[in-house]
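Hydrogens, waters and symmetry mates play no part in the numbers below; they use all other heavy atoms, side chains included. Both ligands and their constituent atoms are indexed starting at 1 by order of listing. None of these values were measured; they are calculated from a predicted model.
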Amino acid sequence: MSALLPGAATLGVLGGGQLGRMFVHAAQALGYRCVVLDPDAISPAGAVAETHIRAGYLDPVGLAQLARDCDAITTEFENVPAVALQTLAGMRTVAPAAEAVAVCQDRAVEKAHFEAAGVPCAPHAVIADAAGLAAVDAALLPGILKTSRLGYDGKGQVRVATAAELAAAWDGLQRQPCVLERLLPLRAELSVLVARGADGRTVHYPVQQNLHRGGILAVTEVPAPDVPAEVQRQAVAAARQVAGALGYVGVLCVEFFWVQEDGAAGGGRLVVNEMAPRPHNSGHWTMDGCDHSQFELQVRALAGLPLPEPRQHSAAVMLNLLGDLWFGDDGGPTPPAWDRVLALPGTHLHLYGKAEARHGRKMGHLNITAATPEAARGVARQAAALLGLPADF
Ligand code: ADP
Ligand code: MG
């Protein structure tokens, strides 16, 4: 495919959330026009795109309009029906491909892909039916039962300690296909973003260290403060391996656990957790800490433009801003004291334009950049204190 040149093409996005919005911002900066397809009348990405097609993801009329108006199309969320991407792929360039997205939509298939690519994942069993439940090895307990499909931000997951709890938890999940994973002692959680072009050229960002609270990403730090260089090298190699084995085109985020293991080199073992076929929350720091953001590389990969090796120019910390911050002592919703936060050096606020703050809802993120990791963390802790967030990083 020849490149879709900036200023002379239109890019489409399935999904109108914050990832779509930041993709649109990056695409428009390069001079592309953007079309977003999302069923909601009010959407963060639809509000900034030149055109918002308000239609369901399987609506043939909406999909046909998207294909007619756009030269190339991507998705901003992994649960877009694969058939929608397939339909579009018959008419236009689509990246990532439906087949790659489909792998990411199902934890059992995803884990099989990791293993086939030679990248170890957590010990697990697939529970597709009652026989699968009965066959579970007791060595997987205590564990976490996860629905194979549609889980995110810790939703669709139950921690279980015994076979009886496992059976009850599976009943509670309506006996839908699940994966049981052994509960691992995590030393750290990491993720690696890669961008791969249609020509196979693959570039990557530095390893990101992630702190989750209640199953939701809370803080990302780059460089990763607690992880030896050799482990970081392994994570990058594994992420590139996973993307290559998928023949992936676009930005892919691969999440890892660095697991406590006495006797292992460096005191730990790296296992892959899951992946997302798109820019990722843990990569939002790239908007201010790198010369090319993850969204710009997604635009470039989709348009067939050259993929530069991104360079981190500042140490960075990202704080996720959930709707809870809008509900202080006064009951709210009231916006946090951004004026005080933005008085701190190297603070970059990104709000997603969501109409209403709700508990647990991703409203924005704050990037803190500095010359050194210590300085970035120091300011991030001050910002956290102003916002009433824990400074547990
Ligand atoms: P989601 O799709 O909700 O992000 P994950 O599989 O990434 O699902 O799980 C969410 C979080 O739960 C992880 O980031 C990690 O903190 C914790 N977790 C998940 N699986 C395990 C495991 N096998 N052992 C220990 N902690 C886990
Ligand atoms: Mg996850």
Going by the order shown, which atoms of ligand 1 are within less than 4.0 Å of some heavy atom of [X]?
| X | result |
| --- | --- |
| His212 | 14 (O) |
| Leu183 | 24 (N), 25 (C) |
| Arg182 | 22 (C), 23 (N), 24 (N) |
| Ile144 | 18 (N), 19 (C), 20 (N), 21 (C), 22 (C), 26 (N), 27 (C) |
| Asn273 | 5 (P), 6 (O), 7 (O) |

Determine whether the side chains of [X] and [Y] contain a donor N or O and an acceptor N or O closer than 3.5 Å.
| X | Y | answer |
| --- | --- | --- |
| His284 | Thr220 | no |
| Asp38 | Ser43 | no |
| Ser191 | Ser282 | yes |

For this session: Of all N, O or S atoms in Glu274, identify the one at the shortest distance from the Mg ion (ligand 2).
Result: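 Of the nitrogen, oxygen and sulfur atoms in Glu274, the Mg ion (ligand 2) lies nearest to OE2.
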Exercise. So how far is it from Leu184 CG to Phe257 CZ, rounded to the nearest 0.5 Å?
Worked result: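 Interatomic distance, Leu184 CG to Phe257 CZ, rounded to 0.5 Å: 7.0 Å.
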For this session: Report the distance from atom CZ of Phe393 to atom CG of Asp226, rounding to the nearest 0.5 Å.
Result: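 Result: 12.5 Å between the selected atoms.
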Among all protein non-hydrogen atoms, which one is nearest to [atom], and what is the separation to 0.1 Å?
| atom | result |
| --- | --- |
| atom 3 (O) of ligand 1 | Gly154 N, 2.5 Å |
| atom 1 (P) of ligand 1 | Glu274 OE2, 3.4 Å |
| atom 25 (C) of ligand 1 | Leu184 O, 3.4 Å |
| atom 20 (N) of ligand 1 | Lys146 NZ, 2.8 Å |
| atom 17 (C) of ligand 1 | Arg159 NH2, 4.2 Å |

For this session: Check whether any side-chain N or O of Gln65 sits under 3.5 Å from a backbone N or O of Ile53 as a donor-acceptor pair, and report yes or no.
Result: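 Judged by distance alone, no pair lies under 3.5 Å.
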For this session: Using atom types as modelled and distance alone, determine if a side-chain donor or acceptor of Asp71 lies under 3.5 Å from a backbone N or O of Thr10.
Result: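 Checked: pair present.
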Exercise. Is atom OH of Tyr152 surrounded by more than 12 heavy atoms (other residues, nucleotides or ligands) closer than 6.0 Å?
Worked result: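 Atom OH in Tyr152 is not crowded, with 12 or fewer foreign heavy atoms closer than 6.0 Å.
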For ligand 1, which part of [X] has a heavy atom less than 4.0 Å away: the side chain, the backbone, both, or neither?
| X | answer |
| --- | --- |
| Arg107 | side chain |
| Glu255 | side chain |
| Asn210 | neither |

Exercise. Are any of the N or O atoms of Ala122 closer than 3.5 Å to those of ligand 1?
Worked result: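 Checking ligand 1 against Ala122, no N or O pair falls under 3.5 Å apart.
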Problem set entry | N or O pair under 3.5 Å between Glu189 and ligand 1 |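 N/O-N/O distance below 3.5 Å exists for this pair.
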Exercise. Heavy atoms of the protein only: does one fall short of 4.0 Å from atom 27 (C) of ligand 1?
Worked result: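 Protein heavy atoms within 4.0 Å of atom 27 (C) of ligand 1 - there is at least one.
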Exercise. Do any heavy atoms of Gln157 fall under 4.0 Å from ligand 1?
Worked result: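 It does, in that a heavy atom of Gln157 comes within the 4.0 Å cut-off of ligand 1.
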Could you tabulate the donor-acceptor pairs under 3.5 Å formed by side-chain atoms of residues 166-174, not counting sequence neighbours?
residue : atom : partner : partner atom : Å
Trp170  : NE1  : Gln176  : O            : 2.9
Asp171  : OD1  : Arg175  : NE           : 2.8
Asp171  : OD1  : Arg175  : NH2          : 3.3
Gln174  : NE2  : Gly172  : O            : 3.4

Problem set entry | Tyr352: which of His365, Gln18, Arg361 passes side chain to side chain donor-acceptor pair (under 3.5 Å) |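 With Tyr352 as partner, side chain to side chain donor-acceptor pair (under 3.5 Å) holds for just one option, His365.
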Exercise. According to a 4.5 Å side-chain heavy-atom criterion applied to Ile, Leu, Val, Met, Phe, Trp and Tyr, with indirect links allowed, do Val13 and Val80 form part of one hydrophobic cluster?
Worked result: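 No, Val13 does not connect to Val80 through the hydrophobic network.
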